There are 2 protein chains.
Amino acid sequence: MVETPRRQQIEDAASTLFRERGYAATSVRDIAQALNLQGGSLYAHMASKEDVLWSIVNRAADRFNTEVAPLAAATQPPSRLRAMIRAHVSVVTSAQKDASVFLDEWRFLSAERRAQIAARRDAYEALFRNAIADGIQVGVFDAVDVRITATAILSALNGIASWYRAGGPLSADEIADSYAELFLKALREPHFMTRTIT
Amino acid sequence: MVETPRRQQIEDAASTLFRERGYAATSVRDIAQALNLQGGSLYAHMASKEDVLWSIVNRAADRFNTEVAPLAAATQPPSRLRAMIRAHVSVVTSAQKDASVFLDEWRFLSAERRAQIAARRDAYEALFRNAIADGIQVGVFDAVDVRITATAILSALNGIASWYRAGGPLSADEIADSYAELFLKALREPHFMTRTIT
DNA sequence: CCTACCGATCGGTAGG
DNA sequence: CCTACCGATCGGTAGG
């Protein structure tokens with residue numbers, strides 16, 4: 001029986017509280033209380049409250065990259081975007097607390113750390129922009145504005161983090177499939193043998 | 001020359017700060033400083049900090065309703081959703097600060113006030129669900145899952161509040177049109193005389 | 001990991 | 001609208 005390291009327990013408890021109340025409205029004593037500790041005791045395991053936020057934000061960013069980047073590199077245009085959407089939704093729903101903190105609380109990081117996350121986010125979004133652009137070039141997607149389309153897709157996918165509830169009417173997979181279908185239709189992935197007649 | 005009432009100045013300054021730093025991380029003294037006042041002086045014009053948040057959230061909700069509800073009532077299915085999307089984006093971009101606070105900071109309201117906003121939001125989203133459902137019934141839209149489609153659309157539209165910048169590469173109208181086109185294609189608004197051939 | 005504490009800041013009030 | 005203040009709480013530290 002391996003116990004969860006204290007540091008990880010702190011990050012998990014903080015992730016829950018940061019998501020529920022927001023980073024600024026969560027005190028170090030709130031986190032300590034969730035672990036039945038005194039406020040000052042946490043500083044044996046962390047340098048500052050912001051440090052814990054930084055860890056949570058990074059492990060969320062790592063997770064998105066780990067799940068999505070291989071698909072972006074390996075799969076071919078038509079099904080590539082579908083696979084990436086599904087994987088992104090999978091992270092949002094399976095690591096929901098971290099994902100929410102990553103999306104909503106990263107602005108409370110220091111300027112330098114914020115800049116690092118902004119750069120990582122842009123690189124990640126570029127995976128989606130490329131999937132769309134490649135699909136257009138190959139002729140399976142309409143010639144849409146790549147940047148704004150990628151932004152629209154990711155905004156919708158990220159929004160799931162704020163309303164998804166495990167055990168709700170739709171499973172995570174059903175949500176992922178619905179969103180993937182919706183956006184692939186938006187890109188007019190052509191059906192077999194569809195022609196336009198005057 | 002009519003001066004802006006103090007109360008409105010307070011709400012405007014608070015809206016800016018709540019959006020930039022978040023409600024919890026903005027102090028009453030921060031708001032006062034933006035108006036060259038002392039912290040305590042604000043209490044001649046407001047009962048509490050939460051009261052100001054409540055005003056901002058409500059004026060944003062009012063704005064969405066004022067702009068979108070008439071279109072939901074008047075226009076016919078195919079173009080109705082397009083008009084509603086455009087109007088929603090117009091509010092997001094023209095009242096961006098209030099819209100951001102409405103979307104991101106309403107969770108800092110008291111439980112009763114949060115419940116009121118939740119009810120208003122659901123009624124508002126129902127306008128979009130109805131526009132989609134009516135389009136399906138009339139046969140201009142595919143038979144998609146109405147609820148999740150409306151959620152996806154509104155998530156994407158609301159996301160604009162967090163990245164739009166006046167004077168950026170795309171005007172508010174161009175963004176509105178792009179999003180409207182994207183989602184109407186996703187609903188497969190049929191082109192004239194398109195048929196599927198085996 | 002706890003007790004006890006630090007200076008700073010918080011939302012809000014009294015009295016003018 | 002200001003000065004001066006209230007008790008509470010904040011992030012973080014020292015010393016054990």
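Computed from heavy atoms alone, side chains included, the values below leave out hydrogens, waters and symmetry copies. Note that this is a predicted model, so its numbers are computed, not measured. So you know, we letter chains A, B, ... as the sequences are listed, proteins then strands, and number each from 1.
Nearest to the side-chain atoms of B/Arg29 among the listed nucleotides D/dC1, D/dC5, C/dC1 stands D/dC5. Distance from the side chain of B/Gln38 is smallest for D/dT3 among the nucleotides D/dG12, D/dT3, C/dC1. The nucleotide whose nearest atom lies closest to any side-chain atom of A/Ser41 is, among C/dC5, C/dC1, C/dG12, C/dC1.
Distance CZ (B/Phe108) to C1' (C/dG11): 16 Å, rounded to an integer number of Å. Taking atom CG of residue A/Leu53 and atom P of nucleotide D/dG11, one finds them 13 Å apart after rounding to whole Å. A straight line from CG of A/Leu42 to P of D/dC10 spans 13 Å, rounded to a whole angstrom. If you take NZ of A/Lys49 and C1' of D/dT13, they are 17 Å apart, rounded to a whole angstrom. Taking atom CD of B/Gln33 as the reference point, atom P of C/dT9 lies 12 Å away to the nearest angstrom. One interatomic measurement links the two molecules: CG of A/Leu37 to P of C/dA4, which rounds to 17 Å at whole-angstrom precision. A straight line from CG of B/Asp51 to C1' of C/dG11 spans 13 Å, rounded to a whole angstrom. If you measure from atom CG of B/Leu35 to atom P of D/dC2, you get 11 Å, rounded to the nearest angstrom.
For the pair B/Arg7 and B/Glu11, the salt-bridge criterion is met [side-chain N within less than 4.0 Å of a carboxylate O]. Using a 4.0 Å cut-off between a side-chain N of Lys or Arg and a carboxylate O of Asp or Glu, A/Arg120 and A/Asp62 qualify as a salt bridge.
No donor-acceptor contact under 3.5 angstrom links the side chains of B/Ser55 and B/Asn58, judged on distance only. A donor-acceptor contact closer than 3.5 angstrom is absent between the side chains of A/Asp145 and B/Ser178. Looking only at atom types and distance, the side chain of A/Arg21 has no donor-acceptor partner in the side chain of A/Thr26 under 3.5 Å away.
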Q. With Watson-Crick and G-U wobble geometry limited to distances under 3.5 Å, how should the secondary structure of DNA chain D be encoded in dot-bracket form, using | for bases paired to another strand and [ ] for crossing pairs?
A. ||||||||||||||||

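Residue contacts shown for B/Gly39 are absent, as no nucleic acid heavy atom lies under 4.0 Å away.
Sequence order on DNA chain D of the closest nucleotides to A/Ala47 and A/Asp30 puts A/Asp30 first from the 5' end.
A sub-4.0 Å separation between OP1 or OP2 of D/dT13 and a side-chain N or O of A/Tyr43 is absent. Note on A/Ser27: a side-chain N or O is less than 4.0 Å away from OP1 or OP2 of D/dC10.
Using bins of under 30°, 30° to 60° and over 60° for the plane-to-plane angle, the ring pair A/His88/A/Phe128 lands in the perpendicular bin. Ring orientation note: the planes of A/Tyr23 and A/Phe18 are nearly perpendicular, at an angle over 60° on the 30°/60° scale.
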